[in-house]
Amino acid sequence: MIDIKKLIENPEIYKDSIAKRNTKNVDLDLLISVYNEKRMTQQKVEDLNAQINKISKSIGNVSADERKSVIEEGQKLKETLKEVEAKFKDLEEKYVALALCVPNTLPEDTPLGFEDNSNIEVRKFGEPTKFDFKPLDHVELGKKLDLLDFEAGAKTTGAKFYFFKNEVVMLENALKKFALDIFKEKGLYMLKTPDLARQDILMGSGFNPRGSESNVYNLEGMDLSLIATAEITIGGYLSNSVFKEEALPLMFAAESQCFRREAGGAGQENKGLYRVHQFDKMEMYAVTKPEDSNATLEKIVAIEEEIYQKLGLPYRVVRVCAGDLGSPAYKKFDIEAWMPGKGENGEYGEVTSASNCTDFQSRRLNIKYATKDKKEFAHTLNGTAIALSRVILAILENYQQKDGSVKIPEVLMNYVGFDEIKVPEKLFEDFKV
RNA sequence: GGAAGGGUGGCAGAGCGGUUUAAUGCACCGGUCUUGAAAACCGACGUAGGGGCAACUCUACCGUGAGUUCGAAUCUCACCCCUUCCGCCA
């Protein structure tokens with residue numbers, strides 16, 4: 001939610017953001033006029049209430065014959081109040097609906113562009129993995145090594161669902177433990193969150209549970225949705241809180257499952273594990289004072305980079321362009337790991353995303369911090385540590401060998417308990433006639 | 001899922017249709033006293049929004065939403081949450 005006073009004072013910075021993001025269906029002029037009308041109507045409601053309060057207080061001191069006329073006067077006022085109140089409620093609803101559509105502002109140096117090809121590379125680690133053979137993609141490797149099963153996922157649940165099998169089940173758990181150890185070392189406050197959340201909590205983080213654009217699954221007949229990221233439930237955890245100034249910045253980490261409808265996400269670009277409806281994720285989150293949020297964003301990206309360096313995955317860090325930002329994000333960095341099986345000859349593919357949401361979410365979720373003499377909205381940030389499905393994809397593709405076996409990244413060997421995934425003698429398919 | 005009880009300021013806790021401006025206590029903050037502290041005393045002490053240059057003033061908020069009433073923390077209905085017991089179950 002944006003700060004309406006800031007918007008009225010400075011509509012240009014919001015107009016600029018909307019244009020650069022190419023956000024549709026936002027009408028700032030209408031929003032401002034509805035706000036002003038709402039305010040005037042609110043004043044009328046309050047005046048009427050003040051009159052009614054006065055009358056009902058005076059009623060004890062009024063003589064018996066006067067009482068009747070005083071009550072009648074009150075009744076009259078109440079009828080007027082009902083009309084004005086209905087108008088106010090209507091305006092309030094209109095105002096909220098319009099205000100919810102306004103995206104966060106942007107810093108001056110945001111790269112321009114509407115798609116991810118306008119993102120700007122800011123750093124690079126390693127070089128794209130070279131092979132002296134033609135590498136397989138993770139779907140082929142998953143089949144050959146009996147590690148992934150998309151057909152069974154489709155049969156059981158639907159397209160873009162999958163089974164992890166054998167060593168990948170262990171690899172997933174190893175990656176989680178690896179992430180947890182890093183969280184512990186960095187002193188992050190750790191959470192394992194519910195995988196369902198109320199819809200107002202979803203909206204608090206900037207997710208829209210309803211409408212055709214929605215990316216979330218809703219539970220029929222209930223006020224609950226499957227979460228798309230732990231960012232949502234961490235937001236719920238922190239909602240309606242006031243933090244001590246000296247306790248900030250607070251850094252969190254959470255494990256959860258993530259469910260996304262990803263309507264229209266099919267196609268070669270998104271094959272296999274790259275874009276799926278369900279995956280596990282280790283997420284980071286921070287609450288800071290406004291002046292610290294940009295430094296904290298750098299800190300989150302640094303932890304992410306440490307993870308991918310330790311995993312030995314080549315990556316680049318990109319600054320996300322205006323049109324590719326979600327509406328809560330003020331500034332965002334993605335890490336893209338090298339994926340040898342993506343596209344024709346390998347491509348970088350997004351594995352993390354770190355956003356500074358400034359006060360956009362904290363206004364909706366009511367997350368504040370207190371100084372000696374006032375309470376202010378805090379800033380919130382979020383960043384991926386490990387999206388399990390995509391990192392497993394990257395490990396399989398980057399660590400494959402000529403015979404189809406896959407080496408385990410050194411840092412994970414102790415976690416998984418073996419150093420290589422060998423080509424099995426028998427596949428599950430061989431059990432069938 | 002069933003039954004009973006409950007949800008009031010930072011905390012504890014009264015109020016159960018109109019002198020409530022939500023009592024009282026504790027905590028916190030400022031002050032007096034003191035070498036300093038404690039105690040005692042005095043004062044201030046919620047959030048959000050509207051109007052005003054301002055001193056100030058008005059409105060809303062007692063789990064949430066609706067309703068009854070001139071007037072609701074108090075009465076009615078629905079929902080949410082908590083506690084205890086029963087049932088079911090990893």
Side-chain angles (χ1 to χ4, degrees), chain A residues 1-9 31-100 192-204 209-210 218-225 227 232-233 235-248 257 359-378:
Chain A
M1 180 73 85
I2 43 85
D3 182 349
I4 187 70
K5 284 181 181 159
K6 196 170 146 194
L7 184 140
I8 286 170
E9 260 171 50
L31 173 64
I32 291 170
S33 80
V34 168
Y35 174 74
N36 284 329
E37 203 186 340
K38 172 181 92 93
R39 225 173 37 166
M40 275 156 50
T41 312
Q42 181 176 355
Q43 192 59 50
K44 279 187 198 158
V45 169
E46 288 179 4
D47 288 346
L48 282 166
N49 268 326
Q51 286 182 58
I52 291 171
N53 286 344
K54 223 176 207 173
I55 286 176
S56 50
K57 263 174 203 162
S58 72
I59 217 155
N61 318 322
V62 150
S63 67
D65 17 317
E66 276 178 290
R67 177 163 293 193
K68 200 177 168 195
S69 73
V70 173
I71 287 178
E72 270 171 19
E73 199 189 339
Q75 282 168 333
K76 236 187 217 167
L77 281 170
K78 213 188 154 189
E79 265 174 46
T80 319
L81 176 67
K82 261 188 181 159
E83 279 170 38
V84 182
E85 233 173 11
K87 190 179 167 197
F88 173 71
K89 219 174 158 182
D90 185 53
L91 285 165
E92 172 83 25
E93 267 172 38
K94 251 188 208 157
Y95 165 70
V96 170
L98 288 165
L100 284 175
K192 172 141 180 180
T193 85
D195 294 322
L196 293 168
R198 294 178 198 279
Q199 304 205 335
D200 61 317
I201 297 292
L202 281 267
M203 302 220 282
R210 298 186 201 92
N218 298 308
L219 263 62
E220 191 180 343
M222 304 188 105
D223 178 37
L224 291 174
S225 304
I227 59 170
I232 292 167
T233 35
Y237 182 80
L238 299 171
S239 62
N240 294 319
S241 304
V242 184
F243 292 99
K244 293 176 182 163
E245 184 182 21
E246 62 272 20
L248 303 184
Q257 299 189 66
D359 60 356
F360 188 90
Q361 290 177 330
S362 64
R363 283 178 180 279
R364 296 184 180 203
L365 293 165
N366 192 25
I367 303 171
K368 295 185 171 179
Y369 72 99
T371 65
K372 227 184 258 165
D373 37 37
K374 59 186 178 191
K375 287 174 184 167
E376 298 264 11
F377 288 109

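A, B, ... follow the sequence lines: proteins, then strands. Residue 1 opens every chain. Being a predicted model, the structure only gives us computed values, none of them experimental.
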Any N or O donor-acceptor pair linking the side chain of A:Glu46 to the base of B:G49 at under 3.5 Å? yes
Q) Does A:Lys82 place a side-chain N or O at less than 4.0 Å from the phosphate oxygens OP1/OP2 of B:G67? A) no
* Any donor and acceptor pair, going by atom type alone, linking the side chain of A:Arg363 with main-chain N or O of A:Phe377 inside 3.5 Å? -> no
Candidates [options] - which lies nearest the side chain of [X]:
X: A:Lys78; options: B:U59, B:U69, B:C81; value: B:U69
X: A:Asn49; options: B:A60, B:G51, B:C70; value: B:A60
X: A:Ser56; options: B:G51, B:G71, B:C81; value: B:G71
X: A:Lys375; options: B:G49, B:U47, B:G51; value: B:U47
X: A:Lys89; options: B:C70, B:G49, B:A66; value: B:A66

| Separation between the C1' atoms of B:U34 and B:A39, rounded to whole Å | 11 Å
Under 4.0 angstrom, heavy atoms only, what part of the nucleic acid is [X] near: base, sugar-phosphate, or nothing?
X: A:Asp47; answer: nothing
X: A:Lys54; answer: nothing
X: A:Tyr95; answer: nothing

Rounded to whole Å, the CD-C1' distance (A:Glu72 to B:U69) equals 15 Å
A:Lys368 NZ to B:U47 P, in whole Å, measures 9 Å
Read 5' to 3' with Watson-Crick or G-U pairs under 3.5 Å, [ ] for crossing pairs and | for partners on another strand, RNA chain B gives ((((((((.[[[..)..(.....]]]..((((.......))))..((((((....)))))).[[[[[..)....]]]]])))))))....
